[in-house]
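Reading through the structure tokens given below for one structure.
Note that the numbering runs from 1 along the sequence shown for the chain.
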Amino acid sequence: MTIKSPIRSPPRSIETLRWNETSGRIELIDQRILPARFEMPGYDSAAAVANAIQSMVVRGAPAIGCAAAYGVAVEARRLRELASAGFAAGMASAFEVLANSRPTAVNLFWALQRMQTVLMSTQSQAPPAIADELLREAHAILAEDIRANRAMGVHGAALLPDTAQVLTHCNAGALATGGHGTALGVIRSAVEAGKRISVLADETRPLLQGARLTVWELQQDGIPVTLITDNMAGHMMQLGVVDAVIVGADRVAANGDFANKIGTYMVAVLAHRHRIPFYVAAPLSTIDRQLVDGRKIPIEERNDAEVRGFADQRWASADVGVRNPAFDVTPAELVTALITEKRVVLQPNSARIAALFD
Ligand code: MRU
């Protein structure tokens with residue numbers, strides 16, 4: 001049996017997004033090629049950042065929000081020598097292209113709204129000064145996200161027993177955020193607090209965020225992780241080796257229903273059947289108070305090719321009909337607790353979620 005050595009120092013942090021002042025580019029870990037290769041290309045226009053979001057170079061709700069903010073900031077920097085009218089028109093197109101990159105994660109629209117507010121409040125200034133303010137706001141959004149994840153980590157870690165095996169679906173880690181992670185942030189914080197936590201990672205078909213990203217991240221930190229295919233979760237619960245489930249969210253409706261990676265609903269139903277606590281870790285920026293419940297959350301449908309195969313491998317016939325919803329909606333009644341940066345909300349419902357914003 002291989003015994004993993006205990007962590008002796010705080011885990012190294014993964015920088016999913018990094019601002020490069022010299023080049024004026026936002027650098028993003030290319031998550032499409034992990035874990036085979038680690039590359040961090042730079043992006044210097046809103047269209048290039050929107051394309052990186054759409055093609056999932058960067059993914060995960062909070063990371064998408066941070067990337068979109070920098071998409072606005074790099075565009076402002078690129079256009080800052082233009083006269084005010086040209087600059088304003090260019091910025092309007094930047095917001096549009098970024099808003100159309102992916103539909104489900106509300107953090108994208110939340111971050112764009114914050115950037116829009118800064119743009120509006122600086123309208124009387126010259127473009128170079130506006131560009132500086134927009135970059136400052138993008139930095140603030142990134143820093144706040146990391147702080148929120150750390151706070152969620154502390155709140156969530158208290159919910160876990162001293163020794164536990166936690167099942168997670170998709171990747172809600174440092175790679176999906178500005179750093180530390182939401183669901184994996186809770187696990188990291190619990191480990192930092194001295195708890196003995198191991199992780200069961202669902203591989204997460206079709207794009208394998210669990211197998212490729214969650215496993216890679218946890219191995220960087222020396223946190224024990226075991227990989228299972230998605231259809232093994234129920235069996236593992238029956239065997240009694242799952243003590244808790246923690247997932248992230250792409251959008252939480254006002255009543256606590258939430259969208260997350262396709263397959264999350266299945267895991268929540270199984271956890272309920274086996275009386276296993278099911279936790280959702282999400283910052284306030286993921287809560288969409290405009291939607292009364294989960295029924296109106298827009299669910300992204302992606303390319304058929306993602307289901308017929310992976311990368312250049314294809315295992316299904318090219319002419320078979322395919323459905324590829326990237327997310328599903330889990331009703332709030334299946335959620336034991338929503339972990340936010342403000343506090344833990346047990347059995348979330350409309351009143352308890354509204355109280356978070358008081
Ligand atoms: O399609 P993805 O990889 O962007 O989906 C990501 C997820 O579903 C995550 O679980 C969610 O964004 C939470 S990330 C902290």
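For R147, the salt bridge (Lys or Arg N to Asp or Glu O under 4.0 Å) criterion is met by no residue, not counting sequence neighbours. The salt bridge (Lys or Arg N to Asp or Glu O under 4.0 Å) check on R275 picks up nothing, with sequence neighbours excluded. In this structure, the side chain to side chain donor-acceptor pair (under 3.5 Å) partners of T229, at least two apart in sequence or on a different chain, are N231. A search for side chain to side chain contact (heavy atoms under 4.5 Å, CB included) contacts involving E96 returns N100, not counting sequence neighbours. V154 pairs by the side chain to side chain contact (heavy atoms under 4.5 Å, CB included) definition with nothing, not counting sequence neighbours. By the salt bridge (Lys or Arg N to Asp or Glu O under 4.0 Å) test, R114 pairs with E137, E144, sequence neighbours left out. Shown here are the side chain to side chain contact (heavy atoms under 4.5 Å, CB included) partners of S55, two or more places apart in sequence or in another chain: R32, V57. Listed by chain and number, the residues in a salt bridge (Lys or Arg N to Asp or Glu O under 4.0 Å) with R302 are E300, E306 (sequence neighbours excluded).
Salt bridge annotation for E217-R212: absent, with no cationic side-chain nitrogen under 4.0 angstrom from a carboxylate oxygen. Ion pair R136/D132 not flagged as a salt bridge, since none of the NZ, NE, NH1 or NH2 atoms sits closer than 4.0 Å to an Asp/Glu carboxylate oxygen. Ion pairing between a basic and an acidic side chain is recognised when a charged N comes within 4.0 Å of a carboxylate O; E21 and R77 show such pairing.
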T226 vs V199, test: side-chain contact (heavy atoms from CB on, under 4.5 Å). Steps then yes/no.
CA-CA 6 Å; T226 304; V199 176; over 6 Å; no

Applying side-chain hydrogen bond (donor to acceptor under 3.5 Å, both in side chains), run through S198 and Q165 and close with a yes or a no. CA-CA 5 Å; S198 59; Q165 176 144 262; 3.2 Å; yes

Take V320 and R308 through the test side-chain contact (heavy atoms from CB on, under 4.5 Å) and record every step on the way to the result. CA-CA 8 Å; V320 66; R308 293 201 191 97; 3.8 Å; yes

Query raised in the report: Under the side-chain hydrogen bond (donor to acceptor under 3.5 Å, both in side chains) criterion, do N20 and E27 qualify, and how do the steps go?
Result: CA-CA 7 Å; N20 184 327; E27 297 171 346; 2.9 Å; yes

Checklist line | Derivation of the salt bridge (Lys or Arg N to Asp or Glu O under 4.0 Å) call for R188 and D221 | finding: CA-CA 8 Å; R188 281 199 168 91; D221 285 354; 2.4 Å; yes

*V252 and D257: CA distance, side-chain angles, deciding distance, side-chain contact (heavy atoms from CB on, under 4.5 Å) verdict*: CA-CA 6 Å; V252 181; D257 295 352; over 6 Å; no

Quick one: do Q209 and Q31 satisfy side-chain contact (heavy atoms from CB on, under 4.5 Å)? Show the steps, please.
-> CA-CA 9 Å; Q209 288 92 331; Q31 302 191 32; over 6 Å; no

Margin query: Test salt bridge (Lys or Arg N to Asp or Glu O under 4.0 Å) on D230 and R205; report intermediate values, then the result.
Written below: CA-CA 7 Å; D230 300 327; R205 280 275 292 138; over 6 Å; no

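Dense packing is recorded around NE2 of H139, with more than 12 heavy atoms of other residues, nucleotides or ligands lying under 6.0 Å away.
For residues 337-355, no pair satisfies side-chain hydrogen bond (donor to acceptor under 3.5 Å, both in side chains), with sequence neighbours left out. Within the structure, side-chain hydrogen bond (donor to acceptor under 3.5 Å, both in side chains) pairs that include any residue of residues 104-113 comprise N107-S285, N107-T286 (at least two apart or interchain). Applying the side-chain hydrogen bond (donor to acceptor under 3.5 Å, both in side chains) test to residues at least two apart or on different chains, the pairs with a partner in residues 309-318 are S317-D319. Within the structure, the salt bridge (Lys or Arg N to Asp or Glu O under 4.0 Å) test picks out the following pairs touching residues 42-68 (sequence neighbours left out): R25-D44.
A distance of 9.0 Å separates CG in D243 from OG1 in T163, rounded to the nearest 0.5 Å. Rounding to the nearest 0.5 Å places CG of L79 at 7.0 Å from CE of M91.
Of the N and O atoms on the side chains of H180 and S189, at least one donor lies less than 3.5 Å from an acceptor on the other residue.
Within the 4.5 Å cutoff, the side chain of I339 has heavy atoms near those of the V186 side chain. The shortest distance between side-chain heavy atoms of I53 and V49 falls below 4.5 Å.
Note on V242: it clusters hydrophobically with V267, by side-chain heavy-atom contacts below 4.5 Å among ILVMFWY residues.
W19 and Y70 have parallel rings, their planes meeting at less than 30° on a 0 to 90° scale where 60° marks the start of perpendicular.
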